[in-house]
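Structure first, commentary second.
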Amino acid sequence: MQTLGPCVLPQAATPEAYLAVAAAYEVDLTVVGPEAPLVSGVSDAFLSAGKKIVGPSQAAAQLEASKHFAKQVMIDAGIPTARYRATTSIEEARAALTHFEYPLVLKADGLAAGKGVIIVHTRAEAEQALNALGSLGPKILLEEFLVGEEASFIALCDGHRALPLEASQDHKTIFDGDTGPNTGGMGAYCDGRVLAPEQTRQVLAAVIQPTLDHMRRLGSPFTGFLYAGLMMTASGPKVLEFNVRLGDPETQSLLHRIRGGFAESLRAAAHGDLRGAAFDWNPNPSVCVVMAAAGYPDKPRTGDTIHGIAAAEQTGAVVFQAGTRLNGNTLQTAGGRVLGVTASGETLQAAIRNVYAAVGEIEFHGMQFRNDIGAKGLKRWSRIDTVGT
Ligand code: AMP
Ligand code: GLY
């Protein structure tokens, strides 16, 4: 980001401090990235000061901040989701185990950076998971395990209307073949075929629009990016979770494909009127591979020197930096998910080849990345690809 423009740190991570930066730099449109500032009310502070911002109010951000709240909205608005039970203590959760079959999904109520969900296969695993989740807070959700293909569906919203982005697919677990513990996301691909046009219409009509309508009825109209994590089941799309922002790493693959209309659409959303707004999509599929630090997701190691970013970008890829810092002139790891290496290609297969060529140029001690980002798409569409070429 430092190569694109000045980077300014606010005095503190508070709505007032962000507002002070926006005032000092005469910022006329603010776009909020992560969930924490939204949940702490940054949009409310900006709107009261008459400043335009893309991101939901503190009240609307509860869709991500509380899984109990999100589930209640889904029930009240008739949005398809997994059968569940909300509990307020570990004991209550333990007692509720008997109402579910295995595999079973256990979720912490609050924000957990993608790490608050554990899928268990036996009673013993469930006991262990409840203890682990209990350390994140007493409220735990038990949820029916859904089977299907996952999709991340994100729409820019102006309180009334939604302008959908293309669907993408995240890879949540740390290891290849969807194994190991859940992370914030280890890679994503965006290909026009993740959802068929009919499925997109179905998600807009059954999930996104009813959510917007319901949030308006609650007096908390939703402005900003509404992200529905979906399971495309045999009986249609079901919502696994809502986020109130763009997804990471979905965004790296999505933005790689947007050729135009992005800034204009953000402005239109902030002005409360998305009518006429549109994104211009590059048809080429894109893939983002996350390179994570040793020890991620539990205890990421930091301070390792990163080599090869320039060489990776010379292949045509874009390397988004997340958990990095400059120590003098040396680029070092400084977080769990360190880099998001992103590339596109004329086919998904070419995009995968291109992204892994770039990944191959990068090196840091203990780096972890998945070797199979996009492989599920390839498998789904290989027949179609062969017919088409
Ligand atoms: P969440 O943070 O709620 O999206 O959950 C993280 C990941 O756990 C999802 O992307 C799914 O891979 C998995 N997951 C969550 N809920 C369910 C469910 N009800 N059935 C199957 N898998 C689930
Ligand atoms: N990749 C999922 C998320 O951003 O929460």
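Just so you know, these numbers come straight off a predicted model, no measurement behind them.
- Looking at E264 and R267, no side-chain N of the basic residue comes within less than 4.0 Å of a carboxylate O on the acidic one, giving no salt bridge.
- Distance CZ/F369 to CD1/I174: 12.0 Å, rounded to 0.5 Å.
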Worked verdict on E149 versus Q169 for side-chain hydrogen bond (donor to acceptor under 3.5 Å, both in side chains):
CA-CA 9 Å; E149 201 67 56; Q169 193 172 44; 2.9 Å; yes
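- Of all heavy-atom pairs spanning R123 and T98, the tightest one is NH1-CG2, 4.3 Å.
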Show the numbers, then the answer: is there a salt bridge (Lys or Arg N to Asp or Glu O under 4.0 Å) between K172 and E241?
CA-CA 13 Å; K172 301 268 182 185; E241 65 161 345; 3.5 Å; yes
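- Here the CD-CG distance, from Q72 to L218, works out to 10.0 Å after rounding to the nearest 0.5 Å.
- With 3.5 Å as the limit, one finds a donor-acceptor pair spanning the side chains of S66 and D109.
- Residue pairs meeting the salt bridge (Lys or Arg N to Asp or Glu O under 4.0 Å) criterion with at least one member in residues 68-92, sequence neighbours excluded, are K71-E143.
- Evaluated for a side chain to side chain contact (heavy atoms under 4.5 Å, CB included) with I118, the options L133, L130, N182 yield exactly one hit, L133.
- Nearest heavy-atom pair across P285 and T347 is CG-C, 3.8 Å.
- Of all the heavy atoms in K238 and L146, the pair that sits closest is CB-CD1, 3.8 Å.
- Checked by atom type, the side-chain pair Q11/E16 shows no donor-acceptor distance below 3.5 Å.
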Throw together a table of side-chain donor-acceptor distances under 3.5 angstrom for residues 316-331, partners on residues two or more places apart or in other chains.
residue, atom, partner, partner atom, Å
Q321, OE1, T324, OG1, 2.9
N327, ND2, Q332, OE1, 3.4

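- For the residue pair S253 and S168, the shortest heavy atom distance occurs at OG-CB, 4.5 Å.
- Nearest heavy-atom pair across S43 and L38 is OG-CD2, 3.7 Å.
- Remark: S48 pairs with no residue by the side-chain hydrogen bond (donor to acceptor under 3.5 Å, both in side chains) rule, at least two apart or across chains.
- Atom CD1 of residue I53 and atom OG1 of residue T223 lie 10.5 Å apart, to the nearest 0.5 angstrom.
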Between D158 and R275, does a salt bridge (Lys or Arg N to Asp or Glu O under 4.0 Å) hold up when you go through it step by step?
CA-CA 9 Å; D158 65 6; R275 277 174 299 184; over 6 Å; no
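- L165 shares a hydrophobic cluster with L29, V31, V54, I154, L156, L163, F225, Y227, L246, L254, L255, I258, F262, L266, L274, F279, W281; the chain of contacts runs through ILVMFWY side chains whose heavy atoms sit under 4.5 Å apart.
- Across all non-hydrogen atoms, the minimal contact from A311 to E361 is CB-OE1, 3.6 Å.
- Considering only residues two or more places apart in sequence or on other chains, P10 meets the side-chain contact (heavy atoms from CB on, under 4.5 Å) condition with A17, Y18, V21.
- L141 is listed as a side-chain neighbour of H68, based on a closest heavy-atom distance under 4.5 Å.
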Report the C-alpha separation of R370 and T173 in whole Å, then their side-chain angles, then the decisive distance to 0.1 Å, and conclude whether the side-chain hydrogen bond (donor to acceptor under 3.5 Å, both in side chains) test is met.
CA-CA 9 Å; R370 280 181 58 162; T173 67; 3.0 Å; yes
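- A salt bridge links D178 to K376: one of the charged nitrogens lies within less than 4.0 Å of a carboxylate oxygen.
- Remark: N243 CG to E250 CD distance equals 8.0 Å, nearest 0.5 Å.
- Interatomic distance, I208 CD1 to T200 OG1, rounded to the nearest 0.5 Å: 10.5 Å.
- Atom OH of Y296 and atom OG1 of T333 lie 14.0 Å apart (nearest 0.5 Å).
- With sequence neighbours left out, P249 forms a side-chain contact (heavy atoms from CB on, under 4.5 Å) with D170, A188, Q252, C288, V290, R337.
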